[in-house]
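The structure under discussion appears below in the form of structure tokens.
Because the structure is a prediction, the values reported are computed rather than measured.
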Amino acid sequence: MAGPIQTNERIILYDIIRGFALCGIFLVNIPSMLGSDWMSGRPDYYGSDLFVRTLFDLFVQTKFYTIFSLLFGIGFSIFLERSYARGESVSRYIRRILILFLFGLAHLAIWSGDILHTYAMWGLLLPLFYGLSNRAILTWAWSLLIGSFLLFYVSSMYLELSLGFRFNGDPFPAVFNSGFGPWFDYRLDEEIFDMFQNSFFVGVEILSLFLFGLYIGRERKLLTWSIQGMTQTAIICTVTALPFFAVIIWHHYGSGAEYSATNAAAVLVSGKLLATTYICLFTIAVRKGRTFAPLQALGRMALTNYLTHTLIVVIPVIALGAYGSLSLTEGLFLSIAILIVQSFFSMWWLKNHRYGPFEKIWRLGTYGRQTKSS
């Protein structure tokens, strides 16, 4: 039977989708963690690396932070709804966000790709929108999403297509293979402040996705939407993404190698469309009784697994002076192996613990003590 999702299934659904998103985010992150795909991009892909890069742009890049951001908005709606039901103010939510920001700061000190501090910075604004009508929330969400696309992506396309501007990328940071001291000095001087600046730019889009998630969570869209409606939406989004797929393939295999901004815009738009498709397909599967135990476990320990990625990849790479040593293809296989190990570890851990290690710290910081309520 594919009926409405019950309360416990509701949490399971979000855990499964979060676990799936975690896998995709790691696939996106590991190339820059290893130095096989320097942050600014490398135009000299060949063979299997070119194929992997194309697959990433088609099916992975921008798809999964979109899902994560939507889930953050959904989680916020659930958290605040339950807080108000207990007669609490918004202060507990603010404390929870501040703890997330501290996690993000510690993570950012090790790796520039941290998203937690960005989520915390923009998540502080969500209580301002909670009391708005659904129409107002969606108006804000669409306005911010379209505005960020026009401001950052369409403007870059104009510079590229009309004015002939080309982005050549930054030089490879050889200092990353010089030991922890020079590496950390470089991060302090060149990267960390830039990442904070970047958080303000990407935050406009992130906030729009939070607001879409807030609407979805408030209206229980994933819990009550018909199977037929979700199926139709998945088909429409996939078909609509096909022209953008053509642009991506043209960039990688055709004559459009120089048009990186145009490719980035196509990746972004297709990312929003495919993220919707992925969410619909997993919701349909859960409605039909699929449990996806490994993804569910990964999702329940998403914070722990996300932070662990950095600890088990970045630290050894810097310690061994191996930054840039692995190819994009080798990094893909390494990430898959790590995710498999993490899924087994998460299932084992959750047999004896209700929360992952970092989830427990976050929860204790939020509530001050263990509680049975979620």
Roughly how far, to the nearest 0.5 Å, is the [atom2] atom of [Y] from the [atom1] atom of [X]?
X	Y	atom1	atom2	value
Ile74	Arg18	CD1	CZ	9.0 Å
Leu58	Phe245	CG	CZ	5.5 Å
Cys280	Leu222	SG	CG	7.5 Å
Leu124	Leu98	CG	CG	6.0 Å
Cys23	Ile338	SG	CD1	12.0 Å
Leu311	Trp111	CG	CH2	12.0 Å

Closer than 3.5 angstrom, by distance alone: can the side chain of [X] be matched with the main-chain N or O of [Y] as a donor-acceptor pair?
X	Y	answer
Lys63	Thr276	no
Arg96	Thr366	no
Arg300	Arg354	yes
Ser162	Leu159	no
Glu330	Ser327	yes
Trp349	Tyr355	yes
Ser270	Val267	yes
Asn263	Tyr259	no
Glu160	Ala261	yes

For [X], does the [atom1] atom sit with more than 12 other heavy atoms under 6.0 Å from it, leaving out its own atoms?
X	atom1	value
Trp140	CH2	no
Arg95	CZ	yes
Phe196	CZ	yes
Phe345	CZ	yes
Gln228	CD	no

Would you mind checking if Arg220 and Glu81 are paired as a salt bridge, meaning a charged N to carboxylate O distance below 4.0 Å?
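A salt bridge is present here (some side-chain N lies under 4.0 Å from a carboxylate O).
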Ignoring hydrogens and angles, state whether a donor on the side chain of [X] or [Y] is under 3.5 Å from an acceptor on the partner side chain.
X	Y	value
Glu205	Tyr153	no
Ser199	His117	yes
Thr238	Thr277	yes
Ser178	Tyr186	no
Gln342	His309	yes
His251	Ser260	no
Tyr367	Arg92	no
Ser255	Trp250	yes
Glu359	Thr304	yes

Which atom pair, heavy atoms only, marks the closest approach of [X] to [Y]?
X	Y	result
Leu209	Ser69	CB-CB, 3.5 Å
Thr283	Leu13	CA-CD1, 3.7 Å
Phe210	Gly123	CE1-N, 3.8 Å
Leu27	Ile30	O-CG2, 3.9 Å
Arg218	Phe129	NH2-O, 4.3 Å
Leu22	Asn305	CD2-CB, 3.5 Å

Heavy-atom side-chain contact between [X] and [Y] under 4.5 Å:
X	Y	result
Ser143	Thr139	yes
Leu145	Lys272	yes
Leu50	His252	yes
Val202	Phe152	no
Trp225	Thr233	yes
Trp142	Leu211	no
Phe344	Pro294	no

Chi angles and distances behind the side chain to side chain contact (heavy atoms under 4.5 Å, CB included) call for Ile12, Thr291
CA-CA 8 Å; Ile12 290 173; Thr291 58; 5.9 Å; no
Could you tell me whether Arg187 sits above the aromatic face of Phe184, with NZ or CZ closer than 6.0 angstrom to the six-membered ring centre and within 45 degrees of the axis?
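Here Arg187 fails the 6.0 Å and 45° test against Phe184.
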Could you walk me through whether Leu188 and Phe193 satisfy the side chain to side chain contact (heavy atoms under 4.5 Å, CB included) test, starting with their C-alpha distance in whole Å, then the side-chain angles of each, then the deciding distance to 0.1 Å, before giving a yes or no?
CA-CA 7 Å; Leu188 289 177; Phe193 181 72; over 6 Å; no
Given salt bridge (charged side-chain N to carboxylate O under 4.0 Å, His left out), test Asp57 with Arg53 step by step and report yes or no.
CA-CA 6 Å; Asp57 283 357; Arg53 181 68 264 170; 3.0 Å; yes
CA sep, side-chain torsions, deciding dist, call: Leu100, Trp362, side chain to side chain contact (heavy atoms under 4.5 Å, CB included):
CA-CA 7 Å; Leu100 183 67; Trp362 194 15; 4.0 Å; yes
Report the C-alpha separation of Phe64 and Tyr278 in whole Å, then their side-chain angles, then the decisive distance to 0.1 Å, and conclude whether the ring-ring contact (aromatic ring centres under 6.0 Å, His included) test is met.
CA-CA 9 Å; Phe64 293 96; Tyr278 293 156; 5.6 Å; yes
Audit row: Tyr306, Phe103, ring-ring contact (aromatic ring centres under 6.0 Å, His included) steps and yes/no:
CA-CA 11 Å; Tyr306 173 72; Phe103 275 130; over 10 Å; no
Could you walk me through whether Leu332 and Phe56 pass the side chain to side chain contact (heavy atoms under 4.5 Å, CB included) test, one step at a time?
CA-CA 10 Å; Leu332 171 62; Phe56 277 9; 4.0 Å; yes
Among Ile206, Leu126, Ile67, find the one that has a side-chain contact (heavy atoms from CB on, under 4.5 Å) with Phe72.
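Looking at Ile206, Leu126, Ile67, the match for Phe72 under the side-chain contact (heavy atoms from CB on, under 4.5 Å) is Leu126.
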Worked verdict on Phe292 versus Phe282 for ring-ring contact (aromatic ring centres under 6.0 Å, His included):
CA-CA 9 Å; Phe292 299 102; Phe282 270 100; 5.2 Å; yes
Report yes or no: do Ile249 and Leu242 belong to one cluster of Ile/Leu/Val/Met/Phe/Trp/Tyr joined by side chain heavy-atom distances under 4.5 Å?
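In one cluster with Ile249: Leu242, yes.
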Taking the six-membered ring for Trp, is the centroid-to-centroid distance between Tyr253 and Tyr45 below 6.0 Å?
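Ring centres of Tyr45 and Tyr253 not closer than 6.0 Å.
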